[in-house]
Amino acid sequence: MAKDAKVKQAPAAAAAAPAASAAAAADATFVAAQGALVARLYSTYLKTTPQLLRLIDAYLAAVMVSGIVQFVYVVVVGTFPYNSFLSGFIASVGAFVLAANLRMQLNPSNDFRSLSPEGAFAEFAFCSLIFYGFVVNFLG
C-alpha cells in the first residue's frame, strides 16, 4: 500500500516539473525582452542626446547617488549632527533641481527661445551660489 502512494505521487511531481520549467522559460524570456529593451533605449539615448545633455545627466546621477548615500547613512548610523544631514541632503536635492532646470533649458527639443544657453548657465551658476550660501548658513 505504501508503494501505491509513492507511485501515485510520482506522476504529480512529474507534472509539476514541466510547469516549473515552463515558468522558468517564461521568466527567462521576460528578462531577455527587458534586456533588449534597455539596450535599445541606451543605444537610442547615445545616438539622439547631445553630449552636453549627457554630461548634465551624469552630474544628475552623481548628485542623486550622493543624496541616496547620505540618506542610507542616516538610517544606518543615526542623526546625531542633524543640521549637517539636513544641509547635505537638501544640498543634494537642490543641486538636482537646479541641474534638471538647466537640462530642460538646454534641451533643443524644449522651447526656451527667450533664453540663450549662456544665459541658462549663468542663471544656474548664480542660483547655485545663492543656494549653497543658504546651505552653508544652515550648517551653523
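Since the structure is predicted, the reported quantities are computational estimates derived from the model, not experimental observations.
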So which atom in [X] and which in [Y] form the shortest heavy-atom distance, rounded to 0.1 Å?
X: Thr44; Y: Thr48; answer: O-OG1, 2.7 Å
X: Leu98; Y: Cys127; answer: CD2-CB, 3.9 Å
X: Leu60; Y: Ala99; answer: CD2-CB, 3.5 Å
X: Leu106; Y: Ala120; answer: CD2-CB, 4.1 Å

Next on the checklist: If we ignore hydrogens and angles and just use 3.5 Å, is the side chain of Arg54 paired with the main-chain N or O of Thr49 as donor and acceptor?
Outcome noted: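 Flag set: sc Arg54 to bb Thr49 pair under 3.5 Å.
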Checklist entry - Quick check: does any side chain N or O of Asn83 sit under 3.5 Å from a backbone N or O of Leu139, one acting as donor and the other as acceptor? => result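 It does not hold such a pair.
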ILVMFWY cluster, [X] and [Y] together (side-chain gap under 4.5 Å):
X: Leu46; Y: Leu53; value: no
X: Phe121; Y: Tyr59; value: yes
X: Leu129; Y: Tyr132; value: no
X: Phe124; Y: Leu52; value: yes
X: Phe96; Y: Leu55; value: no

Checklist entry - Can you tell me how far the CE atom of Met104 sits from the OG atom of Ser109, to the nearest 0.5 Å? => result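 Here the rounded value is 11.5 Å.
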Checklist entry - Is there a side chain to side chain contact (heavy atoms under 4.5 Å, CB included) between Phe131 and Ile90 once you walk through the steps? => result CA-CA 10 Å; Phe131 174 69; Ile90 290 171; 4.2 Å; yes
Item to check | Tyr45, OH: over 12 other non-hydrogen atoms inside 6.0 angstrom | outcome: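 Buried by this count: over 12 neighbours within 6.0 Å.
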Next on the checklist: If you count every heavy atom of other residues, nucleotides or ligands that lies below 6.0 Å from Tyr73 atom OH, does the total exceed 12?
Outcome noted: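 No, OH of Tyr73 has 12 or fewer neighbouring heavy atoms, counting only those of other groups under 6.0 Å.
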Item to check | Transitive ILVMFWY cluster of Leu115, excluding itself - 4.5 Å side-chain cut-off | outcome: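 Answer for Leu115: none, a lone residue.
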Next on the checklist: Any heavy-atom pair between the side chains of Asn101 and Glu123 that's under 4.5 Å?
Outcome noted: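 Of all side-chain heavy-atom pairs linking Asn101 with Glu123, at least one is under 4.5 Å.
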Considering only distance and modelled atom types, tabulate donor-acceptor pairs under 3.5 Å from the side chains of residues 28-39, sequence neighbours left out.
unit_1 : atom_1 : unit_2 : atom_2 : d
Thr29  : OG1    : Ala25  : O      : 2.8

Donor-acceptor contacts under 3.5 Å from residues 61-72 side chains, at least two apart:
unit_1 : atom_1 : unit_2 : atom_2 : d
Ser66  : OG     : Gln70  : NE2    : 3.3
Gln70  : OE1    : Phe89  : N      : 2.8

